[in-house]
A.B. asks: 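Below is a structure I'd like to ask you about.
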Protein chains: 2
Amino acid sequence: MESNVATTPEVLAQRLANSGLRATPQREIIYGVLLKKRDHPTADEVYARVRTDMPGISLATVYNCLETLVQCDLVRAVNFERGPTRYCPNLRPHAHFHDEQSGSTHDIDLPAEILDKVRSVLPPGYNAKSVEITFRGKAADEQKSSQP
Amino acid sequence: MESNVATTPEVLAQRLANSGLRATPQREIIYGVLLKKRDHPTADEVYARVRTDMPGISLATVYNCLETLVQCDLVRAVNFERGPTRYCPNLRPHAHFHDEQSGSTHDIDLPAEILDKVRSVLPPGYNAKSVEITFRGKAADEQKSSQP
DNA sequence: AGTGAGATTTAGAACAATTCCAATTATTGT
DNA sequence: ACAATAATTGGAATTGTTCTAAATCTCACT
């Protein structure tokens with residue numbers, strides 16, 4: 001019953017096919033990159049990572065493929081104010097905590113119970129397809145990276 | 001005790017002064033525009049509205065003033081995915097409902113109780129300065145505008 | 001294996017929103 | 001009145017993304 005996550009190229013291919021799309025090396029590598037390091041990279045960052053494996057890929061393709069993965073519901077696009085869009089392969093309902101110090105983003109799982117509570121603030125007639133919750137602040141005890 | 005909303009130029013001036021800033025005609029008019037029609041206009045839209053009163057104003061100034069008002073906590077900047085930033089003079093805690101059909105945005109008041117519940121999903125160590133909640137979907141019974 | 005329709009990728013141009021810059025123009029305190 | 005500081009301005013520059021048209025690939029069918 002855990003058909004929500006495509007952890008293998010085969011499952012990815014299946015998911016794409018469901019939407020009438022093809023599995024291509026570019027799409028596979030990009031999806032792989034997102035799964036490998038789940039730090040909510042931007043398109044540019046994905047581009048940089050993908051290029052180590054596939055030096056000839058173009059930035060336009062990275063944008064195209066990311067968009068495709070979002071369309072197939074394999075990836076979520078996340079925006080923080082005016083910054084570049086970030087991409088996230090975590091499909092479970094979750095909020096984002098944006099650490100202003102480090103700029104990093106953490107997934108916070110959202111129990112269905114809380115989601116229901118939040119939806120309950122909507123007056124009748126408001127039909128929400130999606131809810132997005134973003135925290136902004138400081139996460140204590142960040143594993144300090146070695147950059148001075 | 002309702003010192004949170006500057007409904008008059010004087011109160012605006014006071015709020016600006018608190019941050020060591022001056023009240024200027026541009027700032028007053030822009031803030032007035034936001035109060036007058038609370039439909040979450042973009043900078044461009046604010047620019048257009050302000051120009052009817054002050055034709056010589058520059059777009060750069062509109063951006064500057066909006067940023068200033070945000071800094072003084074008189075206005076909230078709101079972002080929906082990649083769209084232009086929108087501005088909102090409603091300072092009470094509220095979520096936004098973004099109607100995908102009409103593109104319009106509605107404020108949804110957030111009871112403190114709900115906000116607390118939402119904050120409660122944060123693991124210890126996560127210190128959120130702000131929480132943003134955005135709904136996306138279809139609001140029934142939208143007063144249909146006359147565009148065909 | 002060959003062919004054609006359609007999907008995909010690509011490089012680069014174009015675009016939208018915003019910020020930056022350096023030069024004026026106001027405003028304030030002395 | 002005058003210097004110091006703040007604010008505004010037009011235009012150039014930047015950023016992130018989308019568009020475009022051409023090249024390439026893939027698949028189904030012969």
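Just so we're clear, the structure is a prediction, and the values are computed from it rather than from any experiment. We name chains A, B, ... by the order of the sequence lines, and we start the count at 1 in each one.
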A.B. asks: What's touching nucleotides 20-24 of chain C from the protein side, N or O pairs under 3.5 Å?
C.D. replies:
none

A.B. asks: Within this structure, what is the CD-to-C1' distance between Glu28(A) and dT8(C), rounded to whole angstrom?
C.D. replies: 14 Å
A.B. asks: Has Thr85(B) got a side-chain N or O lying under 4.0 Å from the OP1 or OP2 atom of dA17(C)?
C.D. replies: no
A.B. asks: Tell me which of Pro25(B) and Arg82(B) sits closer to the 5' end of DNA chain D, going by the nucleotide each one is nearest to.
C.D. replies: Pro25(B)
A.B. asks: Name the nucleic acid region contacted by Gly83(A), choosing base, sugar-phosphate or nothing; use a 4.0 angstrom heavy-atom cut-off, strictly under.
C.D. replies: nothing
A.B. asks: Here's a test of your reading of the structure: between Arg22(B) and Tyr63(B), which maps to the more 5' nucleotide of DNA chain C?
C.D. replies: Tyr63(B)
A.B. asks: Would you say a side-chain N or O of Gln26(A) is under 4.0 Å from OP1 or OP2 of dT10(C)?
C.D. replies: yes
A.B. asks: Rounded to whole angstroms, how far apart are CG on Leu16(A) and P on dG6(C)?
C.D. replies: 21 Å
A.B. asks: Does either side chain, that of Thr105(A) or that of His98(A), offer a donor lying less than 3.5 Å from an acceptor on the other one?
C.D. replies: yes
A.B. asks: Below 4.0 Å from chain B heavy atoms, what is the first contacting nucleotide of DNA chain D and what is the last?
C.D. replies: dT5(D) to dT17(D)
A.B. asks: Given atom CG of Asn79(B) and atom P of dA16(C), what is their separation to the nearest angstrom?
C.D. replies: 18 Å
A.B. asks: If the threshold is 4.0 Å, N to carboxylate O, is there a salt bridge linking Lys117(B) and Glu113(A)?
C.D. replies: no
A.B. asks: Is there a path of hydrophobic side-chain contacts, each under 4.5 Å between heavy atoms of I, L, V, M, F, W or Y residues, that connects Val78(A) with Leu110(A)?
C.D. replies: no
A.B. asks: Met54(B) has an atom CE; how far is it from atom P of dT25(C), in whole Å?
C.D. replies: 16 Å
A.B. asks: Classify the nucleic acid contact of Thr24(B) as base, sugar-phosphate or nothing, counting any heavy atom under 4.0 Å across all strands shown.
C.D. replies: sugar-phosphate
A.B. asks: Roughly how far, to the nearest 0.5 Å, is the SG atom of Cys88(B) from the CZ atom of Arg76(B)?
C.D. replies: 6.0 Å
A.B. asks: In terms of hydrophobic clusters joined by side-chain contacts under 4.5 Å, are Phe80(A) and Leu122(B) together?
C.D. replies: no
A.B. asks: Going by heavy atoms in the side chains, are Asp44(A) and Pro84(A) under 4.5 Å from each other?
C.D. replies: no
A.B. asks: Could you check whether any side-chain heavy atom of Leu69(B) comes within less than 4.5 Å of a side-chain heavy atom of Leu12(B), counting everything from C-beta outward?
C.D. replies: yes
A.B. asks: So, do Ile114(A) and Ser120(B) sit near enough that their side-chain heavy atoms are less than 4.5 Å apart?
C.D. replies: yes
A.B. asks: Go through the steps for Ile57(A) and Ile30(A) under the test side chain to side chain contact (heavy atoms under 4.5 Å, CB included), then give the verdict.
C.D. replies: CA-CA 10 Å; Ile57(A) 198 171; Ile30(A) 286 173; 4.2 Å; yes
A.B. asks: What integer distance in Å separates Ile57(A):CD1 from dT8(C):P?
C.D. replies: 14 Å
A.B. asks: Of Leu21(A) and Ser58(A), whose nearest nucleotide on DNA chain C comes first from the 5' end?
C.D. replies: Leu21(A)
